[in-house]
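Here is the structure we will look at, set down as structure tokens.
Just so it is clear, the structure is predicted and the values come from calculations on it, not from any experiment. Order of the sequence lines fixes the chain letters, A, B, ..., with proteins taken first and strands second; residue numbering starts at 1 for each chain.
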Amino acid sequence: MTGRARLLLPVLVLAGLAAAPFLGFDTGFAYTLMARAMILGMAALSLSLLVGGAGLVSLGQAAMLGIGAYAVAALDHAGVTNALVVFPAAALLAGLFALVTGAVSLRTSGVHFIMITLAFGQMAFFTASSLSALGGDDGYTLYGRTEWMGTRLLEDRAAFHFILLALLAGTWLLLSALIDSRFGRVLRASRENALRAQAVGFSPFPYRLVAYTVAGAISGLAGALLANATEFVSPATLAWGRSGELLFMVILGGVGQLYGAILGALAIVLLEEWLSHLLNYWRLAFGPLLILSVLFLRNGLAGITAPPRRRRAPPKAAAPKAATLEARADA
Amino acid sequence: MSLNLLLVQLLNGAQLGILLFLVAAGLTLVFGVMDFINLAHGVQYMLGAYVAATLGTLLGSFWLGLLLALPVSLLIGLLLEWVVFRHLYRRDHLAQVLATFGVILTVEDAVRAIWGSSPLAVPQPEGFAGGIEIMPGLTYPSFRLAIIAAGLLVALGLWLLVDRTRAGMLVRAGATNAPMVSALGVDIHKLFTLVFGIGAMLAGFAGALAGPVFAVAPGMGDGVLILAFVVIVIGGIGSIRGAFVAAILVGLIDTLGRAMLPDLLRLVMDASSARQTGAALASMLVYIVMAAILFLSPAGLFPVRRG
Amino acid sequence: MPEPLLELRGLRKRFGGLTVTDDVSLTVLPGEIHAVIGPNGAGKTTLIHQISGTLRPDEGEVVFAGQRVTDWSFPRRARAGLARSFQITCIVPGFTALENVALAVQARSGSSFRFFRPAHLEARLNEAARAALEGVGLGHRAGVVAGSMSHGEKRQLELAVALAMEPRLLLLDEPLAGAGPEETERLVALLRSLRQRYGILLVEHDMGAVFALADRVSVLVYGRVVITGTVEEIRSHPEVRSAYLGEDEMA
């Protein structure tokens, strides 16, 4: 696709994150904030693959995040802290959950899909709440961060920062490649016109299921990192509000561009931080901002800085709703 | 488990089911007619409870509070529709989900700012303080019985309204084919507003009724909203009958599961793990049932035919 | 007589009390254009749906290239070489014309569970797609976003997509619907050039085009095949003349 200019913004943002520690943003507070933004950015990227790439609006992505986080807690509880075990286990477990729930959810479409993913998210939430060995509702505090080759590498703030940055950039590159690949082409075609994809011989289901599983695994990895960043895990990680927040990151950044998720995550983490310092009841301002951005910022932040790649089809037809034949009558 | 206890749990389940139906009815109609997914519907439930409790305390009567909560809920619903929702009807579901999510965040924080974060004291309904002996040796709180009765009456009224009146006919037609109804020269926007107002009022009514039974606290709408979603998905989106059947089903499954699963599991495992597993499984039960039903029939139990 | 490419055996489909396909049996031979005509509501599109696999018949069999495909899904039949066009234009509006066709090429050339190589750089896919576009006269429009093409171009694009699937049978549901006279002429010429290479089942309202193209014609009325015959037989059939075809269309 066209234009290296489109890549300027995300590269600048990543470069900014890389430079930040050298520009005075090396306090514990700054590191914490950036870590949060980068980790949620990874999860938002994976959700963007679903929403922007496959047209699947999932309202249960926090479950995958939470499963990754709880994998760290459970292994910690069992005395396993080796990164080579913990992180793959987190990604695998979340991917497996996505595979199983996706197989059910993807039988439906449109608003049914939204509600089912929400319901599965709640299922995971209640399960986490009932894990009394891991603190139940109160959550679980890790003994320490995950170890790398026997060292406490992740406890070094700068090292953790650059590991997160590398993973964020890697996720972005990986998912960009995925969207542009043969696989991604089938996903995109199925989003825009599932009937057309079927007519040439593709049934969208297996492609969507793979995308859903990949997104789940990436979110699981992000969850494991989140547990490490906060050294604490609680059911709040899986709360459905978190899923809504991730969706907001994707939309605020711009659905049409994968990297929009990174912009969105950064913007929202900073905005939340700023507002919560400013106001006692900061959601009183955050909520209306969310509503306004949905109503008026149709192409997201990426849409402000870069001209839209192409004119979008009418909103309802391009939407991930179960498109009817009528909706496709573009004659 | 004794028969008495089972009966009590059945009544509790029916009561939860009725409250869920009152919330789900508005949700399913709004979605069916307007193709609009409203996450903020739980907010109506919460506000109904808060308004009823506050006015009830102020006026010294729960029933006055309940009565006044109805028009207030209606007004709040219409106001939200006017300020936010009507700009979203033509947008995709994603935009609707997010904007209504924003409404939840805003209103819940507003509630915290006004009433505080801790649960609110609710006046007890006068005349329904005690219990009724429904069987020898078994008394059941009379107010809870009143909830069931009130809910059944509303369900009946709603069914008559939707099934027997011209407006109801249009609502049903609208759920099947909105462009057709609008082609008939019906002001579809007026119909939308009407449906929306009724839905908001029903949810507020449910919240007001739930006040004396459950805790009135800022997050109370979320749990109910998600269960209501489960209800309308199971029942088939747009179907009042489906919402009723599914609501009772979900209420019973949830209540009975919580009451009985730990005991059942004790037959196969030791007491403490039975308690823990039972609790976890019980809270997942309705979602498992939903997944199973959707696996067998993706459009729910009473699919509304779209044409 | 050669083995038929497509054979329908006693297809029946009811919607509620209405029988929309009533014991339909017909064949399409390799290299033949078999047209299905009939008044509106005769069940032509429902028939196409059952052949392509978007609807399942209540009774009867669909046999394609010697295989019973009645229980096969729509995509599976497409992969087996059964390409269908739609009455209402069906393209991926956000894709370029080239990518629309490349999608079809991709479907028949190896696995699409390939995750890392950019698909738009795969020369093999692009070359085949370009060839198909040129085949329908859209070579110069390859880079245009499909959603912004004219109606006639979209119909041509749909044909290019169908051809790129390298099908054995084309199911064309009113390919001329909505096309102007010039476009019609171009599309008819195009369809004529396709005969021999593919079996074609053609549903079309434009009688001129049907009589110019078809080897055999079946007349569908209220879901039943009233008569199947050559163009000459259909033209001269008195019942068809009076009941369905206007005299002026005979001219």
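- Of the two parts of A:Val210, only the side chain, counted from C-beta on, holds a non-hydrogen atom closer than 4.5 Å to a non-hydrogen atom of chain C.
- In terms of heavy-atom proximity, C:Leu103 sits nearest to A:Phe202 at O-CE1, 3.5 Å.
- Within a 6.0 Å sphere centred on CD of C:Glu185, heavy atoms belonging to other residues, nucleotides or ligands number 12 at most.
- Using a 4.0 Å cut-off between charged side-chain N and carboxylate O, C:Glu158 and A:Arg196 make a salt bridge.
- Heavy-atom pairs under 4.5 Å with chain A peak, among C:Ser52, C:Ala80, C:Ser111, at C:Ser111.
- Of the two parts of C:Glu122, only the side chain, counted from C-beta on, holds a non-hydrogen atom closer than 4.5 Å to a non-hydrogen atom of chain A.
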(Q) Apply salt bridge (charged side-chain N to carboxylate O under 4.0 Å, His left out) to residues A:Arg188 and C:Glu99 and explain how you reach the verdict. (A) CA-CA 11 Å; A:Arg188 285 180 285 126; C:Glu99 204 174 7; 3.4 Å; yes
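- Residue A:Pro204: no heavy atom, backbone or side chain, is found under 4.5 Å from chain C.
- Heavy-atom neighbours of C:Arg168 CZ from other residues, nucleotides or ligands within 6.0 Å: at or below the threshold of 12.
- A:Val200 is listed as a side-chain neighbour of C:Val161, based on a closest heavy-atom distance under 4.5 Å.
- For C:Tyr222, the OH atom counts as loosely surrounded, since its 6.0 Å shell holds 12 or fewer non-hydrogen atoms of other residues, nucleotides or ligands.
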Q | CA sep, side-chain torsions, deciding dist, call: A:Arg182, C:Phe113, side-chain contact (heavy atoms from CB on, under 4.5 Å) | A | CA-CA 7 Å; A:Arg182 281 186 171 210; C:Phe113 283 100; over 6 Å; no
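- Heavy-atom pairs under 4.5 Å with chain A were tallied for C:Ala162, C:Ala102, C:Ser150; the largest tally goes to C:Ala102.
- In this structure, chain A has no heavy atom under 4.5 Å from any part of C:Ala83.
- Looking only at distances, a side-chain donor or acceptor of A:Asn193 sits under 3.5 Å from a matching main-chain atom of C:Ile91.
- In this structure, no portion of C:Leu121 lies under 4.5 Å from any heavy atom of chain A.
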Q) side-chain contact (heavy atoms from CB on, under 4.5 Å) between C:Ser112 and A:Phe183: does it pass, once the steps are laid out? A) CA-CA 5 Å; C:Ser112 279; A:Phe183 172 79; over 6 Å; no
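- Among C:Arg117, C:Gln106, C:Met165, the residue making the largest number of heavy-atom pairs under 4.5 Å with chain A is C:Gln106.
- Between C:Phe74 and A:Ala199, the shortest heavy-atom distance links the atoms CZ-CA, 3.4 Å.
- Contact of the A:Leu174 side chain with the C:Phe116 side chain is registered, since non-hydrogen atoms from C-beta on lie closer than 4.5 Å.
- Across A:Ser181 and C:Arg114, no two heavy atoms sit closer than the pair OG-O, 3.1 Å.
- With a 4.5 Å cut-off on non-hydrogen atoms, A:Ile179 does not touch chain C at all.
- Interface check for chain C: of the options A:Ala189, A:Ser203, A:Ala197, the most heavy-atom pairs under 4.5 Å are formed by A:Ala189.
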